[in-house]
Amino acid sequence: MKPLIASLLVIFSATLLAQPAAPTKGVAHTKGVAHTKGVAHTEQVDIAYETLGAQSPALPVIAINGGPGLSHAYMVQNDVWERIARNRLVVFYDQRGIGLSKRMQPGVSQSGASQTGVDQSMPAQVADLEAVRQALGLAKVALVGDSYGGLLAMAYAAAHPEHVAKLVLSDSPGPSWKSIVHVLPEVFPDIEEQGEQEQKRLGSASDAASDAAARAEHVI
């Protein structure tokens, strides 16, 4: 999380030094910044999002949290985003099946293929992000991706480059999982060897447990 905060401090430094925006009548506020919630409806899932600040000439930001399996709650544990939102719109959302985005059509999964055979992996996550952008009517955005969110941000930028003005990656893997698999043995060969030994040990223990279960079933 610290690298993400550092990146935001550098990229949006002018905003962080700005004065707080004046409250907007009729809208809830967090530390003087407008705070709203909404839902982007799709055929497969309803994506819940929340915003800080308001649309302005400044480039809006969509923050993509890590995971998969985490909501965006961990990203708002300090006031950095409120400070950034003083003169621009900042958007967070929960990825499909997580947090407030749990309303999904039957047979749709968070990842992999659903029971209906529809692909629900990275292309589906990209489609969800596009649905959020469209729901808010944002022509161009700055994408800030943390960890797995960085991978998703890169995938979205590749699919919709016309809507991405800036791309900020924090603790993110490379653009493909294959590159991650090959980095570990090259950089940490001792850890890789320990992992292989542990896997073998667990495999032996698992086989023994299976044999014991089979014997117990036979006796019963």
Side-chain angles (χ1 to χ4, degrees), residues 3-4 7-8 11-12 37-53 55 57-72 74-75 81 84-85 88-105 107-183:
L4 175 60
S7 300
L8 296 174
I11 296 171
F12 301 107
K37 294 184 179 181
V39 175
H41 301 283
T42 74
E43 294 182 358
Q44 295 184 348
V45 60
D46 289 344
I47 302 298
Y49 64 83
E50 67 174 304
T51 69
L52 296 176
Q55 294 195 42
L59 189 66
V61 177
I62 298 182
I64 311 173
N65 61 269
L70 299 175
S71 74
H72 74 274
Y74 80 88
M75 299 190 77
W81 290 111
I84 292 174
R88 75 183 68 232
L89 184 72
V90 176
V91 183
F92 305 94
Y93 73 98
D94 287 339
Q95 295 161 17
R96 57 173 52 205
I98 304 300
L100 297 178
S101 298
K102 292 183 178 178
R103 184 174 180 180
M104 306 172 69
Q105 295 298 323
V108 176
S109 62
Q110 181 188 349
S111 61
S114 72
Q115 295 175 359
T116 59
V118 180
D119 182 13
Q120 301 300 328
S121 56
M122 186 58 74
Q125 297 281 6
V126 169
D128 292 345
L129 176 52
E130 171 63 2
V132 172
R133 184 200 65 78
Q134 289 184 8
L136 292 167
L138 306 177
K140 283 187 175 293
V141 301
L143 292 182
V144 178
D146 182 51
S147 189
Y148 168 78
L151 190 66
L152 175 50
M154 286 185 279
Y156 180 89
H160 302 281
E162 70 278 10
H163 297 307
V164 180
K166 292 184 178 181
L167 184 62
V168 182
L169 306 177
S170 171
D171 286 341
S172 173
S176 74
W177 290 116
K178 185 177 180 180
S179 62
I180 306 303
V181 173
H182 286 80
V183 164

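- Heavy-atom neighbours of Glu43 CD from other residues, nucleotides or ligands within 6.0 Å: at or below the threshold of 12.
- Of the inter-residue distances, the one linking His72 atom NE2 with Leu100 atom CG reads 7.5 Å to the nearest 0.5 angstrom.
- Sorted by first and then second residue, the side chain to side chain donor-acceptor pair (under 3.5 Å) pairs with a member in residues 59-71 form an empty list; sequence neighbours excluded.
- The aromatic rings of Phe92 and Trp81 sit perpendicular to each other, their planes meeting at more than 60°, with 30° as the lower class boundary.
- A distance of 7.0 Å separates CG in Asp128 from OH in Tyr93, rounded to the nearest 0.5 Å.
- In terms of heavy atoms, Leu136 sits closest to Tyr49 at CD2-CE1, 3.6 Å.
- With Val61 as the fixed residue, the side chain to side chain contact (heavy atoms under 4.5 Å, CB included) test singles out one of Leu89, Leu52, Leu138, Val144: Val144.
- Residues Lys166 and Val164 approach most closely at O-CG1, 3.4 Å, considering heavy atoms.
- Contact record, Lys140 with Pro60: O-CG, 3.3 Å, taken as the closest heavy-atom pair.
- Every residue two or more places apart in sequence or in another chain was checked for a salt bridge (charged side-chain N to carboxylate O under 4.0 Å, His left out) with Glu50, and none qualifies.
- Nearest heavy atom pair, residue His163 against residue Ala139, reads ND1-O, 2.8 Å.
- Scanning for side chain to side chain contact (heavy atoms under 4.5 Å, CB included) contacts around Ala153 gives Ile64, Leu143, Leu167, Leu169, with sequence neighbours left out.
- For the pair Gly97 and Lys102, the tightest heavy-atom approach, listed with the atom from each and the gap, is O-CG, 3.6 Å.
- The side chain to side chain contact (heavy atoms under 4.5 Å, CB included) search around Ser101 returns Ile47, Ala48, Asp94, not counting sequence neighbours.
- Side-chain contact between Leu70 and Tyr148: absent, with no pair of heavy atoms (C-beta onward) separated by less than 4.5 Å.
- Residues forming a side chain to side chain contact (heavy atoms under 4.5 Å, CB included) with Ala131 (at least two apart in sequence, or on another chain): Ala40, Thr42.
- Residues passing the side chain to side chain contact (heavy atoms under 4.5 Å, CB included) test with Val126, sequence neighbours excluded: Met122, Leu152, Ala155, Tyr156, Ala159, His160.
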